Amino acid sequence: MRPEVLFPVFASVTTLPGVGPRMAKLIERLAGGKVADLCWHLPAGLIDRRFAPNVADAPIGAVATLTVRVDRHEKPHSTRGPYRVICADETGFISLVYFSARDDYLRKLLPEGSVRIVSGVVEEFNGGRQMNHPDYVVSVENRASVQIVEPVYPLTAGLSPKILTKAIRAALAQLPSLPEWTPAELLSARGWRPWADALRAAHSPETMDDLAPSAPARERLAYDELLANQLALALVRTRMRRARGRPVRGDGRLRSRLAALLPYRLTNAQQTAIDEILADMASPDRMLRLLQGDVGSGKTVVALHAMLAAVEEGAQGALLAPTEILARQHFQTLLPFADQLGLRIKLLTGRDKGKARETLLADIASGTANIIVGTHALLQDDVAFHDLAVAVIDEQHRFGVHQRLTLSAKGGGPVDVLVMTATPIPRTLTLTSYGDMDVSRLTEKPPGRTPIDTRAVPATRLDEVVSGLERAMGRGAQAYWVCPLVEESEVLDVAAAEQRHEALQKRFGDRVGLLHGKMKSAEKDAVMARFSAGELTILVATTVIEVGVDVPNASIMVIEHAERFGLAQLHQLRGRVGRGSEKSSCILLYGSPLSETAQQRLKVIRDTDDGFVIAEEDLRLRGAGELLGTRQSGMPRFRVADLEVHGDLLALAREEATRILAQDPQLKGPRSDALRVLLYLFERDAAIRYLASG
Ligand code: ADP
Ligand code: MG
C-alpha cells in the first residue's frame with residue numbers, strides 16, 4: 001500500500017484550491033491529473049522583472065518594470081476600441097492598453113496624477129511605446145508585491161500562465177516533507193537539499209542557470225528518479241535470481257561436433273559471449289542475459305551454443321522470433337546443423353492448425369523435439385514443454401517484458417533466458433531498461449565483409465537510380481527497394497510500395513516482387529522464397545524486411561523517403577545487404593527539403609556502419625523517448641532525468657542501488673521506509689510487490 005505521507009502528492013489536482021473540473025482537464029492534458037504531475041512540470045524559462053529602465057530606454061519586445069506617473073485616461077473611441085492610460089516619466093511616454101476593461105476599475109487602479117509601478121512587455125505602436133494589459137500595476141509602497149522573477153511553464157491551449165502558476169504554487173504549498181532516502185554525505189557533497197525544498201527550488205528559478213539540468217535542485221530530483229528506477233530494477237533482478245535455476249552444463253559433445261560443422265571460425269566476440277552464456281547457465285542462478293549485436297554480427301550461432309548445452313543435458317532449448325518470416329528463417333538456418341547432429345528441431349507458428357499442430361505440441365511435450373523455434377504461438381497456454389532449460393528470445397524490442405516472462409515460466413521451474421537484440425541500444429538505455437539483465441555485446445563483425453557504399457540521393461534523380469539498378473541487375477545483382485508505407489495514405493507524395501512495385505514492374509517485368517505487412521504469411525513466404533532462389537531480382541517491400549531477413553546475394557538496398565526513417569531503422573535496413581562477398585551499396589533516396597535533423601541522420605548513416613555509434617547518435621538526435629522501438633519495449637520515460645546530461649547520476653544511482661540491496665536485500669533496514677517512499681513516489685510499486693511476494 002502507498003505510504004500515507006504520499007497521499008497529498010497523489011491526490012487529484014481537483015483537490016487544489018481554485019482548480020475546478022474544467023481546469024483539471026486542461027492540466028491533465030498538459031501534465032497529468034495528479035498533484036505529483038504538476039510538481040514534475042518544471043519551468044522551461046523565466047521572466048525577470050529586475051530590469052527597471054527609463055521609459056525611453058525600455059527595449060521593445062522585452063519585459064520591463066517601469067516607474068511612471070499617470071497622466072490621463074483615454075476612453076475607447078468605439079465600443080471595441082482599446083482603453084488607454086497615458087503614463088510618463090521624465091524620459092518619455094508610454095500608454096497602458098486595456099481591451100474590454102471597466103473604466104471605474106481602471107480609474108481606481110491608475111488614478112490620474114499618481115505614481116505607479118507597472119511591469120509587462122513593452123511594445124511599439126504608431127511610433128510610441130505601449131504595454132498591453134500590464135502583468136503588474138502597484139503603488140510605490142507595494143513594490144514588493146511585484147514578483148521579481150517568475151517561472152515560465154510549458155502550456156497547453158486554454159490554460160493561462162497565471163492559472164497554471166497558481167495551481168503549481170498550491171501543489172508546492174502542500175508538499176509533505178518526506179523521510180530522506182539519500183545519505184547525508186551525498187547530500188552535502190552535492191549541495192543537495194531535502195526533496196520538498198529541492199522541488200520548490202526547481203520551481204523558483206532566479207537565473208537561467210537554475211533552469212539548467214545541472215542546477216543542484218534539478219540534479220537532486222533527477223537522481224531521485226534514477227535511483228527509484230535502478231532500485232526497482234535491482235529488486236526485480238534479485239527476486240528473479242532467487243528463483244533458482246538449475247545448473248545446466250552439458251558435456252560439450254554436441255558443441256564440439258558443431259565446431260567441426262561450421263564453415264567458419266567464431267569471432268573473439270562470439271566466443272566471449274558464448275563463454276559468458278555458458279557460465280551463466282552452469283551456475284545455479286537463473287540466467288537473464290541480453291545479447292546485443294549488430295545486424296550480421298552472428299548472434300544465431302551464439303544462441304545455438306546455448307541451446308545445444310541444454311540438449312546435451314537432456315533438456316530442450318527454444319527460440320522465439322517476432323515474425324513468421326524470421327522464425328522460418330531461423331528454422332532453415334538451424335535445420336541442417338540439427339540434422340547433422342542427429343537432433344530434432346521443430347517449428348511452431350500461428351499457421352500450424354489442427355492435426356499438424358497437435359502432433360507438434362505432442363513432440364514438444366514429450367521431449368521428442370530437442371529444439372523448438374517459433375513465434376508468439378509458442379506462448380499459448382496449451383504449449384507445454386517436456387523440459388525447457390533455455391529460452392532464447394530474438395529481437396526483444398518486439399516483445400514485452402511480460403512475454404519474456406511467459407516463456408521463461410514454461411519450463412516448470414525458472415528457465416534461463418537469453419534475449420537477443422539487433423537494435424543497438426545505447427549504454428545508458430540498456431541500464432535503465434535492461435538493468436535487470438547482464439549484457440554481452442558482439443562488438444566485432446565476422447571477417448570478410450566489404451563495407452557498404454552508402455549514398456544519399458535526392459528523389460529527383462530517381463531515374464538515374466533505376467538505370468543504375470538495371471546495370472547492376474545485368475551483372476546478376478539483386479536489390480531491395482524499401483518504401484515507407486503500404487498503401488496510399490492521405491499524404492499524397494508517399495511512394496506506396498504497391499505503386500512503386502507497379503512502376504518497376506513496367507520496366508523490369510516479372511522479376512520484381514512485392515512484400516508488405518498486409519499480405520498473408522503464405523504469400524509472404526512464397527515471395528521471400530522466390531527472392532532467395534534468385535527468381536526475383538528486385539524485392540519492393542515495406543519495413544517487414546527490417547528484421548532478420550538474410551539473402552546473401554542481395555547487394556543493393558534502395559530506401560525511398562529515407563528521411564522518414566529513424567537512424568536505427570535505416571541501419572537495420574542497410575544491414576540486409578553486405579552479407580555476401582559482392583560489394584554492396586545502399587541508396588538513400590530523399591525528398592527535399594530536408595530538415596536539420598534529417599540531414600544529420602543521413603550524414604551519420606553515411607559516415608559510419610557501427611551500430612553502437614549509430615545508436616548513440618540516434619539518442620543524441622532524438623532523445624531517449626523517441627528512439628525507434630523503445631516505446632513499445634516499455635523503456636521508462638523519465639519526468640526529470642535526462643539521460644543525455646545525467647549519465648553520471650545514472651551511474652551513481654546504479655551503484656547506490658546495488659549497495660543498498662547488498663546490505664539490505666529485503667529493504668527492512670533503517671533507511672528502508674524512506675526508500676519505499678521513493679519507489680512509490682516514482683510509481684515503481686511493481687518492484688515493491690516483488691519484495692512482498694519474494
Ligand atoms: P545476426 O543474427 O546477428 O544478424 P546471423 O547470426 O544471422 O547475424 O549471422 C549473419 C551471417 O554471418 C550468417 O550468414 C552467418 O552464417 C555468418 N557468420 C556468423 N558468424 C560468423 C563467423 N564467425 N565468421 C563468418 N561468418 C559468420
Ligand atoms: Mg538474426
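When a residue number appears, it is its place in the shown sequence, counting from 1. As the structure is a computational prediction, the values presented were derived from the model and not from experiment. We count ligands from 1, going down the list as the structure has it; atoms in each ligand are counted the same way.
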message: Can a side-chain donor-acceptor contact be found between Asp387 and Gln316 if the only test is distance below 3.5 angstrom?
response: no
Atom indices of ligand 1 within 4.0 angstrom of Thr300 heavy atoms, with elements: 2 (O), 5 (P), 6 (O), 7 (O)
- request: List every atom of ligand 1 that sits less than 4.0 Å from any heavy atom of Thr267, numbering the atoms from 1 in the order shown and giving each element.
  value: 23 (N)
task: Could you say whether the N/O atoms of Gly293 and ligand 1 ever approach to under 3.5 Å?
output: no
message: Give the atom numbers and elements of ligand 1 that come within less than 4.0 Å of a heavy atom of Ser297.
response: 3 (O), 8 (O)
N/O separation below 3.5 Å, Pro447 to ligand 1: no
- request: For ligand 1, indicate whether the residue Asp294 contacts it via side chain, backbone, both or neither (heavy-atom separation under 4.0 Å).
  value: backbone
- prompt: Looking at residues at least two apart in the chain, or sitting in another chain, which of them share a salt bridge (Lys or Arg N to Asp or Glu O under 4.0 Å) with Arg530?
  reply: Glu535
task: Enumerate the atoms of ligand 1 whose separation from the nearest heavy atom of Arg265 is less than 4.0 angstrom.
output: 22 (C), 23 (N), 24 (N)
- request: For Lys583, enumerate each residue passing the salt bridge (Lys or Arg N to Asp or Glu O under 4.0 Å) test, keeping only those at least two apart in sequence or located in another chain.
  value: none
- prompt: Is Lys445 salt-bridged to Asp609, cutoff N-O under 4.0 Å?
  reply: yes
- request: Step through the shown structure and confirm whether more than 12 heavy atoms of other residues, nucleotides or ligands are within 6.0 Å of CZ on Arg253.
  value: yes
- line: ligand 1 to Pro446, heavy atom cutoff 4.0 Å, flagged ligand atoms 20 (N), 21 (C), 22 (C), 24 (N), 25 (C), 26 (N), 27 (C)
- prompt: What atoms of ligand 1 come closer than 4.0 angstrom to any heavy atom of Leu266?
  reply: 23 (N)
Basic-acidic side-chain contact under 4.0 Å: Arg351, Asp525: yes
query: Would one find more than 12 heavy atoms of other residues, nucleotides or ligands at under 6.0 Å from atom CG of Asp251?
result: yes
